Amino acid sequence: MNNSTTLNIVRFISLVLIQVIIFNKILLLGYINPYPYIIFILLFPIKNQPWVFLILSFLLGLTLDLFGNSGGSHAAACLLIAYLRPFILENCFGLNYIHQNLKLNNAPFKQLTIYVVLMALIHHLTLFSLEVFQLKYINFILSQTLFSGIFSIATILLSLSLFKKGN
Amino acid sequence: MQQILNFLIRYRNTLLFIVLSCIAIGLTIQSHSYHKSKFISSTNFFTGGLFSITRNIDNYFNLKAYNNRLLIENTRLKNTLYQKGIDTTDISKFTLDSTNTIQYHYKPALVINNDYHKTNNFITLNKGSKDSIATDMGVITDLGIIGIVQKASTNYSRVISILNKNSRINAKLKKTEHFGSLVWNTKSPNVVQLIDIPRLAPLKIGDTIVTGGRSTIFPKGILIGTIKDFQLDSNESYYTVNIELFNDMTNIGFVNVIENKNALEIKALEKQTNE
């Protein structure tokens with residue numbers, strides 16, 4: 001437990017720093033940014049208290065809002081995927097999740113990908129809708145979600161496989 | 001009572017989710033209004049400090065370009081002074097007299113964070129109220145306008161970039177006195193729109209657009225950009241003009257913040273006449 005707490009604190013801080021210093025400045029083609037900081041939410045230990053998880057996700061989003069001057073849009077997006085995570089996990093991993101013996105580190109690649117794609121797309125759609133906040137710019141929201149989403153999913157899957165613990 | 005407690009305990013996570021969502025959405029709504037978006041901002045100690053550190057590293061890569069720009073601006077200023085008949089051989093003779101009646105006062109600052117890919121973009125400067133920077137001061141570079149200071153903390157300040165949906169700046173044609181408002185349609189970071197230019201205005205592609213000087217923020221005649229193209233709006237009574245900015249908004253380093261010494265007086269007077 002203690003070990004896992006330290007790991008999560010380190011993960012929180014380093015993901016925020018990496019996101020703010022490196023990934024917020026990529027701007028491929030002028031506007032496409034990956035948001036791999038949601039790895040924190042994706043990999044948060046399943047057995048923990050749900051309310052701790054919700055509050056931590058909210059704080060993670062709020063920290064990014066501070067850096068990005070975006071009001072509360074990151075916070076809302078992170079909170080939403082944190083709240084939806086149990087349902088998505090159940091749908092993606094089925095019995096493994098219900099029997100509480102799921103380990104995301106060595107989950108089957110296909111199921112893991114579906115999980116990451118769902119979470120990232122929900123997060124991005126909420127984020128960009130709140131950031132723009134006008135129906136007039138719906139094309140902008142959708143294209144941002146799609147392109148940044150693809151970029152984020154690729155970054156997340158890559159870093160997950162890079163930091164995968166050896167069996 | 002027992003039932004209410006049971007309900008609360010049973011749905012505590014959903015309730016927590018709803019409460020936190022309300023906070024987040026409240027903050028988001030606030031951030032979309034020009035005057036209220038001050039809660040969550042990058043002017044605090046942590047974000048400002050981190051931006052300063054990364055900016056210090058970044059700066060080394062841009063030093064050459066900044067130096068060149070400064071040299072060009074200096075040369076132009078010296079030439080202008082010389083044409084006005086002022087001797088420029090001994091700069092130290094010019095002392096700033098803070099008691100005299102100069103209306104506008106320029107202050108240097110460094111951009112430590114610059115967004116241009118969102119619909120509401122902000123810029124963070126490394127100077128704050130400690131260097132007497134305050135809300136509603138204009139921000140420019142040698143090439144043209146950048147935005148308006150929206151919030152100043154002790155050491156940092158946040159600027160509403162002209163690349164922001166909420167930004168509305170008074171601007172006019174350089175040749176004539178036709179006024180309009182400068183807005184941004186979020187499409188390209190180097191093109192802004194000038195709306196409400198009357199149909200009678202003589203527009204030509206390549207004409208220069210400058211600030212109008214009708215507010216207390218910018219002096220009259222600060223450069224903005226050139227006309228790229230224009231068309232009549234749906235009512236056929238006003239032009240919407242696309243303006244190519246002189247500034248490269250994706251690459252700004254050192255800026256000047258303009259303080260209007262008479263701003264308070266003008267505002268007090270306007271308030272009086274309104275009442």
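Fair warning: this is a prediction, and the values are worked out from it, not measured in the lab. So you know, we letter chains A, B, ... as the sequences are listed, proteins then strands, and number each from 1.
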Can you measure from [atom1] ([X]) to [atom2] ([Y]) and round to the nearest 0.5 angstrom?
X      : Y      : atom1 : atom2 : result
B:N113 : A:F67  : CG    : CZ    : 9.5 Å
B:N120 : A:E131 : CG    : CD    : 8.0 Å
A:L64  : B:T47  : CG    : OG1   : 11.5 Å
B:K118 : A:N33  : NZ    : CG    : 9.0 Å

Side-chain touch [X]/[Y], heavy atoms, less than 4.5 angstrom:
X     : Y      : result
A:V20 : B:L50  : yes
A:N69 : B:T124 : yes
A:L62 : B:L27  : yes

Q. What parts of residues 140-154 of chain A touch chain B if we use heavy atoms and a cut-off under 4.5 Å?
A. A:F140, A:Q144
What heavy-atom pair brings [X] and [Y] nearest, and what distance separates the two atoms?
X      : Y      : answer
A:G68  : B:D115 : O-OD2, 3.8 Å
A:L130 : B:T28  : O-CG2, 3.4 Å
B:L20  : A:L54  : CD1-O, 4.1 Å

Residue part contacting chain A, namely of [X], when any heavy atom lies under 4.5 Å:
X      : result
B:T54  : side chain
B:N114 : neither
B:K165 : side chain

Q. Hey, what's the ring geometry for B:F17 with A:Y83, parallel, tilted or perpendicular (30° and 60° as the breaks)?
A. parallel
With a 4.5 angstrom heavy-atom cut-off, is it the side chain or the backbone of [X] that approaches chain B, or both, or neither?
X     : answer
A:I55 : both
A:K25 : side chain
A:F53 : neither

Residue [X] excluded, over 12 heavy atoms near [atom1] under 6.0 Å:
X      : atom1 : value
B:Y238 : OH    : no
A:L135 : CG    : no
B:K107 : NZ    : yes

Q | For B:T240, all residues meeting side-chain contact (heavy atoms from CB on, under 4.5 Å), sequence neighbours excluded | A | B:Q193, B:I195, B:D233
**Q.** Sequence-distant partners of B:D248, side-chain hydrogen bond (donor to acceptor under 3.5 Å, both in side chains), two or more places apart
**A.** B:T250
(Q) Run the side-chain hydrogen bond (donor to acceptor under 3.5 Å, both in side chains) test against A:Y37 and tell me which residues pass, sequence neighbours left out. (A) A:H74, A:H123
